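Step one of this worksheet: look at the structure below.
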Amino acid sequence: MSDVKKTSWCARAGWWLALAAAPAAVLAGWGVRQGWWHFRVGFQILTWSVAAAAGAAFLALLGLWATRRGRKRGRLRALGALVAAAIVAGVPLAYFAIARTVPAIHDISTDTENPPIFSAIAPLRKDAPNSLEYGGPAVAEQQRAAYPEVQPALLRVSPGQAFDRALTAARSMGWRIVDANPAQGRIEASDTTRWFGFQDDIVVRVTPAEGGSLVDARSVSRVGRSDVGANARRITAFMTRVKAGKTGG
């Protein structure tokens, strides 16, 4: 087989393999969101798509090397395959990299000694693999080491005003409000992750404090041992809005 034909074969194979890997990566999460398969099946499909993208990248590199003095069309096809493979594999690999750097926990609270308690959401989680029972000092220690930025918000306003501000912030985050009880100073909501559609639950607690009010929050994943930092990011973003008094965006 001539170098030109080898080049053409490598470039074309890499291109089509990259194109096949892309919808597989999307479908991995979409199928979980639609209830077509278990999230572990989705993860397996995602793993296959990353492997296919790696294979496409390898073929594309071979094509680029072989076309260094060849036709421009072959080089462009190989380059396109390499870019497509990098995009397909890049996002999942970034998540995998993050997962290796954060603790395998899925329950994050601004108060680790007396975490806010769920009430209205508890019945909705009866079939969830993850319990609402807090993991105790072991989880608290891992959280403090990995996410020191997760802190409550001290507001110089009355509890009623703090509650309204927290509720506005929760709605602006796009959360589905399950219960809002100003008398008890408790807000319960759910949030859905974008890719795989995982359900995470949040409870916000507003209590009187010296000079104003204290807003605590807790976010717990329904499935998965590790949340890859999602709950900590959610609480941090929420507290930023609460402190700033943001009402949207």
Side-chain angles (χ1 to χ4, degrees), residues 98 101-122 124-125 130-194 198-222 224 226-249:
I98 294 174
T101 63
V102 299
I105 56 178
H106 55 264
D107 190 343
I108 303 297
S109 176
T110 57
D111 186 344
T112 57
E113 294 184 1
N114 182 29
I117 302 299
F118 288 90
S119 178
I121 280 181
L124 304 179
R125 293 176 56 107
N130 292 341
S131 169
L132 285 177
E133 182 178 352
Y134 189 67
V139 171
E141 182 178 355
Q142 293 181 76
Q143 176 189 307
R144 285 192 294 269
Y147 311 116
E149 70 278 8
V150 175
Q151 299 291 335
L154 179 60
L155 306 180
R156 302 299 179 183
V157 298
S158 69
Q161 292 173 310
F163 182 89
D164 290 341
R165 186 184 292 188
L167 183 58
T168 298
R171 286 172 173 160
S172 75
M173 294 281 290
W175 299 348
R176 181 175 67 88
I177 306 300
V178 176
D179 186 35
N181 192 322
Q184 297 180 5
R186 188 184 70 253
I187 300 169
E188 295 183 62
S190 294
D191 193 20
T192 304
T193 61
R194 293 181 180 179
F198 291 132
Q199 288 287 316
D200 298 337
D201 298 309
I202 311 101
V203 56
V204 178
R205 182 180 67 199
V206 180
T207 55
E210 184 176 354
S213 306
L214 188 67
V215 180
D216 281 290
R218 180 184 175 194
S219 185
V220 187
S221 301
R222 295 192 184 187
S226 173
D227 63 8
V228 198
N231 288 304
R233 290 191 296 270
R234 179 181 295 115
I235 290 181
T236 301
F238 170 72
M239 288 301 178
T240 298
R241 295 194 180 209
V242 169
K243 292 175 183 177
K246 290 186 178 180
T247 59

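Since the model is a prediction, treat every value here as computed from it, not as a measurement.
Asn130 contributes a side-chain N or O that, together with a main-chain N or O of Gly224, makes up a donor-acceptor pair within less than 3.5 Å. In this structure a side-chain-to-backbone donor-acceptor pair under 3.5 Å is present from Arg241 to Ser172. Put simply, the side chain of Gln184 never gets that close to the backbone of Asn181: no donor and acceptor are under 3.5 Å apart. In this structure, Ser213 contributes its side chain and Ala209 its backbone to no donor-acceptor pair below 3.5 Å. Remark: side-chain polar atoms of Gln151 are not paired, donor with acceptor, to backbone N or O of Thr110 under 3.5 angstrom. For Arg233 (side chain) and Val228 (main-chain N/O), a donor-acceptor pair under 3.5 Å exists by modelled atom type. Remark: side-chain polar atoms of Glu188 are not paired, donor with acceptor, to backbone N or O of Asp179 under 3.5 angstrom.
The residue from Arg234, Arg222, Arg171 that alone fulfils the salt bridge (Lys or Arg N to Asp or Glu O under 4.0 Å) condition with Asp191 is Arg234. The side-chain hydrogen bond (donor to acceptor under 3.5 Å, both in side chains) test with Ser221 is passed by exactly one of Thr193, Asp201, Asp227, Asn231: Asn231.
In terms of heavy atoms, Leu167 sits closest to Ala180 at CD1-CB, 4.1 Å.
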Practice prompt. Might you work through the salt bridge (charged side-chain N to carboxylate O under 4.0 Å, His left out) test for Arg218 and Asp111, ending with a clear yes or no?
Written response: CA-CA 8 Å; Arg218 180 184 175 194; Asp111 186 344; over 6 Å; no
Worksheet item: Going through the distances and angles, do Ile235 and Tyr147 end up as a side-chain contact (heavy atoms from CB on, under 4.5 Å)?
Response: CA-CA 11 Å; Ile235 290 181; Tyr147 311 116; over 6 Å; no
Worksheet entry | Intermediate values then yes/no, side-chain contact (heavy atoms from CB on, under 4.5 Å), Val203 and Ile121 | CA-CA 9 Å; Val203 56; Ile121 280 181; over 6 Å; no
Worksheet item: How far apart are the C-alpha atoms of Val178 and Ser190, what are their side-chain angles, what is the distance that settles it, and do they pass the side-chain contact (heavy atoms from CB on, under 4.5 Å) test?
Response: CA-CA 7 Å; Val178 176; Ser190 294; 4.1 Å; yes
Item to complete: Test side-chain contact (heavy atoms from CB on, under 4.5 Å) on Val220 and Phe118 and set out the steps.
Response: CA-CA 10 Å; Val220 187; Phe118 288 90; 3.8 Å; yes
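A 4.5 Å side-chain heavy-atom check between Ile202 and Val204 finds at least one atom pair inside the cut-off. Between Ser119 and Arg186 there is a side-chain heavy-atom pair separated by less than 4.5 Å.
Between the side chains of Asp200 and Ser219, no donor-acceptor pair is found at a separation under 3.5 Å. A donor atom on one side chain and an acceptor atom on the other are found under 3.5 Å apart for Thr192 and Gln199.
Other residues, nucleotides and ligands place no more than 12 heavy atoms under 6.0 Å from the CD atom of Glu141.
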